[in-house]
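Working notes, structure below.
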Amino acid sequence: MDPVSREHSGKAPLLFELKSNSLDDGPGIRTVVFFKGCPLDCVWCHNPESKRVSVELSHDRGRCIGCGHCVEVCPEGAITLEGAVTIQRHRCTLCMSCVDGCPSGAMGRVGFAMSPGEVVRTVMRDKPFFDNSGGGVTFSGGEPTMHLDYAAELAGLLQAQGIHVLLETCGLFPYGRFSELLLPHLDAVYFDLKLFEDSAHRAYCGASNRPILENLGRLADAAGHSKLTLLARTPLVPGITDTDRNLLGIAGFLRQCGITKAALLPYNPLWHDKGRSIGIEPHSLLLDAQKGFMSPTHVEHCRELFRSMGIDV
Ligand code: SF4
Ligand code: SF4
C-alpha cells in the first residue's frame, strides 16, 4: 500500500496548526505539526492554545472591526459588544456560528482533525525546501507524545518518504510505549528540562519532574547507541527558571547523563495576548519580571553558567 495514502485507523487527535517555513524548530527549513493537549501546565506556556485537547474559540482583538455580527448570530447570547467584544465562555456551546459569520477573521476555531495521510500529503508540498536546506518536519505542541499511536503512524509515513522527523517534547511520557512506537521513526528529539527541583516543578508546571528526568537519562543512553540527535533545552523564565541554582542543577544533571550540548531559550512575553484570545489570563504566579524581554547580558550570564559546567550552549 502507498504509505502516503494509508489512513489512520484510530481517532485522530486535534492539531492546531501546520506551519510551513519555520527556521526555529530544528535544522533547515521545517514544517511544524502542532498537537493539542499537554500533560503539564506551565504558568509561562508560550502556546496556551495547545494546552487543552479539545476545540476552543479564539477572538483576536487586533483583527476585530467591532461590526457586532457575532453578537447577532450567537444563539446562546454569549457575546456582548460594549466597546470591545466579550465572550461569556460558560455560555458558549462552540457552535462556531460566530466564526462562520465574522467578516474580519477575528473569531477563530482552534483545533482541527487530520489523518496522518492527510498531514503527509500536505507537508509533501514543502519537500523541495526540506531537501535543499537539510530540513524536515517537527512535531510540537502541546505534547505530541500524548497521542503516541497517531504520532508514530505519522512519523513512520514521513520516514518512508525520506523526511527528517524531529520531536519537541516536555519529556513526560510512558517511556516503554514511546521507545517501542515512536522512537524508531525519529531522527532528533528536542527535550525540554525546565526546573531541576521537584517542588518547584510541581508548583510551576503542575507535575513532578521525576519521570521527566528518568526519561531524559534513558533517552541520552539510547542516543549514545544510535544516530538519534538529542538536544536538551531550558526555557529561561525570569525569576523562575533562570536562577543560578536551577541552571547549575540542570547542567549538573545533564553532565550525569553524558549530555554536553544544550540550548537556552530566552523568554518571550508576546504569548500573553495569545492566551487572552482564548480566555486565559496570565497566571497569578507570573510577576512583573515575566512581562518583558530578558536583557542580552543576563542571557549571556545564563549561558556562561552552563559553559562553566562543561555544557556547550
Ligand atoms: S461558538 Fe457559538 S455559542 Fe460560542 S460564542 Fe460563538 S456563536 Fe456563541
Ligand atoms: S463579527 Fe468579528 S469583526 Fe465583527 S464584532 Fe464580532 S469578532 Fe469583531
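In listed order, ligands and their atoms are each counted from 1. Just so you know, residue 1 is the first one in the sequence shown, and it goes up from there.
For ligand 1, the atoms lying closer than 4.0 Å to a non-hydrogen atom of M96 are 1 (S), 2 (Fe). Per-residue contacts place C95 under 4.0 angstrom from the following atoms of ligand 1 (heavy atoms of the residue considered): 1 (S), 2 (Fe), 3 (S), 7 (S). Below 4.0 Å from some heavy atom of L57 lie the following atoms of ligand 1, by number and element: 5 (S), 6 (Fe). Listed by number with element, the atoms of ligand 1 under 4.0 angstrom from any heavy atom of I79 are 5 (S). Shown in contact with G66 at under 4.0 Å from a heavy atom are these atoms of ligand 2, numbered in order with element: 5 (S), 8 (Fe). Close approach to C70 involves these atoms of ligand 2, each under 4.0 Å from a residue heavy atom: 1 (S), 5 (S), 6 (Fe), 7 (S). For ligand 2, the atoms closer than 4.0 angstrom to any heavy atom of P103 are 1 (S). If you number the atoms of ligand 2 from 1 as listed, the ones under 4.0 Å from a heavy atom of V85 come out as 5 (S). Near E76, the atoms of ligand 1 lying under 4.0 angstrom from a non-hydrogen atom of the residue are 3 (S).
Put simply, H69 stays out of reach of atom 2 (Fe) of ligand 2, with no N, O or S atom under 2.8 Å from it. Distance check for C74 against atom 8 (Fe) of ligand 1: an N/O/S atom falls below 2.8 Å. Contact annotation: C67 places an N, O or S atom under 2.8 Å from atom 4 (Fe) of ligand 2.
Under a 4.0 Å heavy-atom criterion, V73 is not in contact with ligand 1.
Remark: D25 CG to S22 OG distance equals 3.5 Å, nearest 0.5 Å. The structure places CG of L230 at 11.0 Å from CG of L186, a figure rounded to the nearest 0.5 Å. Atom CD of E214 is separated from atom CZ of R218 by 6.0 Å, given to the nearest 0.5 angstrom. Rounding to the nearest 0.5 Å gives a distance of 13.0 Å between CD1 of I212 and CG of L219.
Using modelled atom types, one side-chain atom of R255 and one backbone atom of M309 make a donor-acceptor pair closer than 3.5 Å. In this structure, the side chain of E17 does not engage the main chain of G141 through any donor-acceptor pair within 3.5 Å. A donor-acceptor contact shorter than 3.5 Å is absent between the side chain of D126 and the backbone of R30. A donor-acceptor pair under 3.5 Å is formed between the side chain of E118 and the backbone N or O of S115. Judged by distance alone, with hydrogens and angles left aside, the side-chain atoms of H147 form a donor-acceptor pair with the main-chain N or O of K36 at under 3.5 Å.
Of the protein's non-hydrogen atoms, the one nearest atom 2 (Fe) of ligand 2 is C102 SG, 2.3 Å. The nearest protein atom to atom 5 (S) of ligand 2, hydrogens excluded, is given as G68 N, 3.2 Å; this is a heavy-atom distance. Distance from atom 8 (Fe) of ligand 2 to its nearest protein heavy atom, with residue and atom name: C64 SG, 2.4 Å.
Between Q88 and I79, the closest side-chain pair of non-hydrogen atoms is not below 4.5 Å.
Contacts of H59 with ligand 2, taken as heavy-atom pairs under 4.0 Å, involve the side chain alone. The part of S104 lying near ligand 2 is the side chain, judged by heavy-atom distances below 4.0 Å. The residue V71 has no part lying near ligand 2, judged by heavy-atom distances below 4.0 Å.
Comment: D312 does not engage R307 in a salt bridge, judged by the lack of any side-chain N to carboxylate O separation of less than 4.0 angstrom.
V110 is not connected to L57 by any chain of hydrophobic side-chain contacts under 4.5 Å among Ile, Leu, Val, Met, Phe, Trp and Tyr, and they are in different clusters.
For atom 6 (Fe) of ligand 1, the nearest non-hydrogen atom from the set S97, C98, G77 belongs to C98.
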